[in-house]
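Comments concern the structure below.
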Amino acid sequence: METQDSLYNAPSSQTEEQDPVIFKPLVRSRFRQAPPDRFNAVYMIFFCLGIGSLLPWNFFCTAKHYWLYKLRNTTDQSHRQNDLGNYFESYLSFGSTVPSVLCLVINYLLVNKISAKVRVLSSLCVMLIVFCVTTILVKVDTSSWTYGFFGLTMACVVVISGASNVFLGSVFGEVGRFPMRNSQALISGQAMGGTFSAVASVVDLAAAGSISDSALAYFITADIFLVICIVLYLILPRIPYSSYYLNSLNERIQHTGDEHSGLLSNDTDSSSGSVGSASLSSNTGTVPPLKPILKKTSGVGFSVFYTFFISIIIFPSVSSNIKSVSKNSVSVWTSKYFVPLTCFLLYNFADWTGRQITAWIQIPGPKSKALPILVLLRTLFLPLFIFCNYQPRDYLHTVFFDRDFYPAIFISVLGLTNGYLGTLPMIYGPKIVPKELSEPTGVVMSFFLTFGLAAGSACSILVVHLI
C-alpha cells in the first residue's frame with residue numbers, strides 16, 4: 001500500500017523540519033511540535049460537524065412518509081397533485097443542489113474577506129432558523145394550500161441547502177490545515193449524518209402514534225443537533241491541538257512576510273510561487289488564485305464530480321420509489337419499513353462504511369488512472385436500479401430484478417462505492433496543494449461535489465419521468 005508521504009506533495013502532518021521553504025530558524029522554535037489531541041476531542045468535533053453539514057439534506061430526504069402525507073391529494077384525483085408526492089425527491093434534489101453552486105462561488109470569493117468563523121456560525125444559525133420553521137409547519141394544517149406548502153418547503157430547501165454548502169465549504173477549508181485523519185473524520189461524519197437520520201426516521205415511525213407526531217419528533221431532533229454543532233464549533237479554537245493548526249499558518253505567513261519577503265518571490269518552483277501568491281492574497285484580502293488550484297485538482301475534482309453525479313441520480317429519486325414485490329401483502333415490513341430500511345438506512349450505513357475505510361486504505365492514489373476508471377464504472381448502477389421494481393412505471397414496463405434482495409444489494413454497493421470513491425479525492429484535494437491554499441482548495445473541492453449533485457439532480461428528474 002502506498003504510504004502517505006508518497007500520496008501527497010506535502011505530508012498532512014507537515015512540520016517545520018519538513019518545510020524548509022516557509023520555516024526559518026528565527027521562527028522554528030515557535031512551532032516545535034503540535035500538542036496531542038487529548039481524548040480525540042478535535043477528531044470528534046469534526047465528526048459531529050460533518051454530521052451537521054449534511055443533516056438538513058438527510059432529514060428532508062429521509063422523511064418520505066411525512067412528505068407523502070403532507071402532499072397527499074385531499075380534494076380530487078388530479079394527476080398533477082399526485083406528481084408532487086411521487087416525484088418529490090426529484091424536486092428536492094434539484095432545489096437543494098442547483099442554488100448551492102452559486103453559494104459555493106460566493107463562498108470562494110469571500111474566503112479571504114470574511115473569516116471562516118463568521119461564515120460557519122452564520123450558516124449554522126440560518127439552518128437552525130429554517131429548520132425551526134419546518135418543525136412548526138408539521139402541526140399546521142396545510143391540506144387547503146398544498147401547492148403553497150410545497151412552494152414554501154422548496155424555498156426552505158433552497159435557503160437551507162445554500163447555507164449548509166457555505167458551512168461545508170468553510171469547515172472543509174479549515175480542516176485542510178489539520179492532519180489527514182481530521183479530514184476523514186469530517187467526511188465520515190457526513191455519512192454518519194445519513195445513518196443517524198435514517199435510524200431516527202425508523203425509530204420515530206415505529207414509536208409515534210401518527211405520521212405528524214413522528215415528523216415532529218424527527219425535526220426536533222435535527223434542531224437540537226444543530227444547536228450542538230454551534231456549541232462544538234465555538235469550543236474548537238479553545239482546544240490547544242486545534243489552536244496550534246488554526247494559528248500556525250497565519251503566524252507563518254506573517255513571519256515570512258516580515259523577515260523573508262524576498263524568499264518566496266524568487267523561488268522558481270511553481271508550487272512555491274503558489275505559496276507566495278496565496279500568502280499575498282491572505283494578507284490583502286483578495287480572491288485566492290483559482291488557476292493553480294484547478295491545475296492541481298482537476299483529476300480528483302472530476303472524480304468527486306462524477307461520483308456524486310451518479311449517486312444523486314439514483315438516490316433518493318429512483319431508489320426510494322422501488323417497492324417491495326410483495327407490497328400488496330399485509331406485512332408491516334413491505335408496507336411500512338421496506339423503503340426506510342432498504343433505501344435510506346442501507347445506503348447511508350454503506351456510505352459511512354466506505355468513508356471509514358479511507359482511514360486505513362488510500363488506494364488508488366491522487367494521480368492514479370485507476371481512480372477515474374473506477375468512478376466511471378459506477379454508471380452501470382443506472383440500469384440496475386431502473387429495472388428493479390420501480391413504481392410507477394409509465395414507459396419501461398419490464399422488471400428484470402423481481403426479488404426484494406436485489407435493490408438491497410444494489411443500494412449497499414452504491415453507498416459503499418460512493419463513500420470510498422467520493423471521500424478519497426475530497427481528502428486528496430487540500431493535501432496536493434501548498435498549505436496556504438488548503439482553505440480555498442477545500443471550497444473548490446466542495447464546488448466539484450455540489451456541481452455533481454446539481455447536474456445529477458437535474459438528470460434525475462428526467463430519468464424518473466422516462467421510466
Side-chain angles (χ1 to χ4, degrees), residues 4 7-14 19 21-22 46 50 53 100-101 103-116 119-120 165-187 190 245-246 248-250 252-253 264 269-283 285-305 307-308 358 362 365-367 371 422-452:
Q4 185 170 319
L7 290 179
Y8 312 118
N9 292 341
S12 60
S13 56
Q14 191 175 30
D19 194 358
V21 174
I22 294 179
F46 278 121
S53 65
S100 300
V101 177
C103 291
L104 281 175
V105 172
I106 295 174
N107 191 34
Y108 183 83
L109 296 176
L110 298 179
V111 71
N112 283 333
K113 297 181 180 180
I114 299 178
S115 69
R119 284 180 277 127
V120 169
N165 275 275
V166 171
F167 168 71
L168 176 59
S170 301
V171 174
F172 202 87
E174 282 196 302
V175 79
R177 302 180 180 184
F178 290 75
M180 193 179 81
R181 67 188 298 268
N182 295 283
S183 299
Q184 189 273 335
L186 179 67
I187 298 177
Q190 290 179 287
Y245 286 103
L246 291 174
S248 61
L249 178 62
N250 297 329
R252 284 195 221 176
I253 295 172
L264 296 177
D269 181 74
S270 60
S271 297
S272 299
S274 297
V275 172
S277 61
S279 301
L280 179 62
S281 66
S282 297
N283 288 332
T286 59
V287 177
L290 182 60
K291 186 175 180 180
I293 295 177
L294 292 177
K295 184 177 180 181
K296 286 277 190 179
T297 63
S298 58
V300 292
F302 169 78
S303 296
V304 170
F305 165 83
T307 295
F308 288 95
T358 61
Q362 295 94 38
K367 297 181 180 179
L371 181 60
T423 298
L424 278 183
M426 285 295 290
I427 292 177
Y428 290 154
K431 302 299 180 183
I432 59 178
V433 299
K435 279 185 176 289
E436 283 68 21
L437 291 176
S438 61
E439 184 174 353
T441 301
V443 178
V444 170
M445 294 304 295
S446 297
F447 176 83
F448 281 122
L449 188 156
T450 305
F451 187 56

With a 3.5 Å cut-off and sequence neighbours excluded, list the donor-acceptor pairs that the side chains of residues 169-176 form with protein atoms.
from   : atom 1 : to     : atom 2 : distance (Å)
Ser170 : OG     : Asn107 : OD1    : 3.4
Ser170 : OG     : Arg119 : NH1    : 2.7
Ser170 : OG     : Val166 : O      : 2.8
Glu174 : OE1    : Tyr233 : OH     : 2.8

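In this structure a side-chain-to-backbone donor-acceptor pair under 3.5 Å is present from Arg177 to Leu246.
Aromatic ring pairs are classed by plane angle as parallel below 30°, tilted from 30° to 60° and perpendicular above 60°; the pair Tyr245 and Phe178 is tilted.
Here the OG1 atom belonging to Thr441 is positioned 9.0 Å from the CG atom belonging to Leu294, to the nearest 0.5 angstrom. Taken from CZ in Phe308 to CG in Leu449, the straight-line distance is 4.0 Å, to the nearest 0.5 Å. How far OG1 of Thr423 is from OH of Tyr428: 10.5 Å, rounded to the nearest 0.5 Å. From Thr307, atom OG1 reaches atom CZ of Phe305 across 10.5 Å, with rounding to the nearest 0.5 Å. Atom CG of Leu109 sits about 10.5 Å away from atom CD1 of Ile114, to the nearest 0.5 Å. Taken to the nearest 0.5 Å, the CZ atom of Phe448 stands 11.0 Å off from the CZ atom of Phe302.
Side chains of Ser183 and Lys431 form a contact here, defined as non-hydrogen atoms less than 4.5 Å apart.
Here the closest heavy-atom approach between residue Leu371 and residue Ser303 is recorded as CG-OG, 3.6 Å. Contact detail for Ser53 and Gly50: the closest heavy-atom pair is OG-O, 2.7 Å.
Counting non-hydrogen atoms of other residues, nucleotides and ligands closer than 6.0 Å to CZ of Phe451 gives a total of 12 or fewer.
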Next item on the list: Begin from the C-alpha positions of Gln190 and Leu168 and carry the test side chain to side chain contact (heavy atoms under 4.5 Å, CB included) through to its verdict.
Entry: CA-CA 10 Å; Gln190 290 179 287; Leu168 176 59; 3.5 Å; yes

Next item on the list: List the steps, then state whether side chain to side chain contact (heavy atoms under 4.5 Å, CB included) holds for Val300 with Met445.
Entry: CA-CA 8 Å; Val300 292; Met445 294 304 295; 4.0 Å; yes

